[in-house]
Amino acid sequence: MKGVGQAGFYLDGVDGLMAKLESLASGIDGAMEDAVQAGGEVLTEELVKAVHEAADRGYSQGTLETSIESDGIKNVNGGKMTTIYPHGTDTHSKGMYTKVIGTSKRGHPITRVANAGGSVRNYDKLWYLEYGTARQAAHPFMRKALNDARPKVMEAMKREIDAAIESASRS
Amino acid sequence: MNVGALLRSAVKDIADVYPKVYTGSADHYFVYAIEDDRGDDWGDDDPGHIHYWVRLSYYFPMGENQTPMRNRVRNLLQSAGFSYASITELSDPDNGMDGFAWECDIVAESED
């Protein structure tokens, strides 16, 4: 704004401002992706730490915690998201196996871990750790990990957004 | 305030409530776990309240239709001061049990 008159005001440098805003807008997609990526990395780190603490009872081989990773950045409803969960199977668990025994009311497969031969999905291992069974204590870790991660994730994402805005305002 | 006692009181008309794991012979029972707890309303290095995240799990013999229990327990928990619970279905074929887990939170004064 260059000056304000009694009857109104006039602006100067609008073209420059518009160019900066356009530059910022064109970079927002990449900035959002970087932000989700950064937040996902922090959350993964917190989950791995929490699983390690919950599962570490002397015999854990660490396959569950090392299986936790992001499935990449996806476009969802005009935004960006990532999902973090245990991938793959633990072939070291030769004494256990998983099979589908039915379907839940919502259509999800209900699986069981049995006691002979084969490998076990890491997702199932995480489930049993978190929820236990009718006769086995649960070791809940998800809520604590999410509560611990929330401010760190927000900070990591904010850092990326701030950096993108700073970069656009300089260009 | 004792969160375990609050849970026991909330569902006392349905079944007994045990901390962490049940090792007895009943075929309908609840177990609860504290998922996380954090200080709230800090002053003079002490929390004015404690925020608890809890999970209450109900186990029953596989095959029983306990669907009405979902909302019944959720409403009882809300009446006892807990937040509106999310519900997860549980299945433990090895022990012939099905179940539900209600997860919710409450801000209380303390836990024994």
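Note that the structure is a prediction, hence the values are computed from the model and not measured. FYI, side chains are in, hydrogens and waters are out, and symmetry mates aren't considered; it's all heavy atoms of this structure.
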Original post:
Are Ile14(B) and Phe82(B) co-members of a hydrophobic cluster defined by side-chain heavy atoms under 4.5 Å apart?
Top reply: yes

Original post:
Looking only at heavy atoms, which of residues 73-81 of chain B get nearer than 4.5 Å to chain A?
Top reply: none

Subject >> Interchain contact, Gln136(A) with chain B, by part (heavy-atom threshold 4.5 Å) >> reply: backbone

Subject >> Toward chain A, the part of Tyr59(B) with a non-hydrogen atom under 4.5 Å >> reply: side chain

Subject >> Joint hydrophobic cluster, Val36(A) plus Leu43(A), side-chain heavy atoms closer than 4.5 Å >> reply: yes

Original post:
Which bit of Thr88(B) comes within less than 4.5 Å of chain A, counting heavy atoms only: side chain, backbone, both or neither?
Top reply: side chain

Original post:
Counting only heavy atoms not in Glu45(A), do more than 12 sit closer than 6.0 Å to its CD atom?
Top reply: no

Subject >> Which atom of Glu89(B) lies closest to which atom of Trp127(A), heavy atoms considered >> reply: O-CZ2, 3.8 Å

Original post:
Between Ala134(A) and Asn95(B), which heavy-atom pair has the shortest distance, and what is it?
Top reply: CB-CB, 4.3 Å

**OP:** Indicate the atoms forming the closest heavy-atom contact of Asp92(B) with Arg135(A), along with that distance.
**Re:** OD2-N, 4.1 Å

Subject >> Residue selection (most heavy-atom pairs with chain B, distance under 4.5 Å) from Ala137(A), Ala138(A), Ala145(A) >> reply: Ala137(A)

Original post:
Which pair of non-hydrogen atoms, one from Pro140(A) and one from Glu35(B), has the smallest distance, and what is that distance?
Top reply: CB-CG, 4.0 Å

Original post:
Is there a chain of hydrophobic side chains (I, L, V, M, F, W, Y, each step under 4.5 Å between heavy atoms) that links Ile73(A) to Leu47(A)?
Top reply: yes

Original post:
Is Tyr18(B) atom OH crowded by more than 12 heavy atoms from other residues, nucleotides or ligands, each under 6.0 Å away?
Top reply: yes

Original post:
Are Phe30(B) and Tyr52(B) co-members of a hydrophobic cluster defined by side-chain heavy atoms under 4.5 Å apart?
Top reply: yes

**OP:** Kindly work out whether a path of hydrophobic side-chain contacts (I/L/V/M/F/W/Y, heavy atoms less than 4.5 Å apart) joins Met97(B) to Val21(B).
**Re:** no

**OP:** Quickly, which of Asp36(B), Asp105(B), Asp37(B) forms a side chain to side chain contact (heavy atoms under 4.5 Å, CB included) with Arg143(A)? Name it, please.
**Re:** Asp36(B)

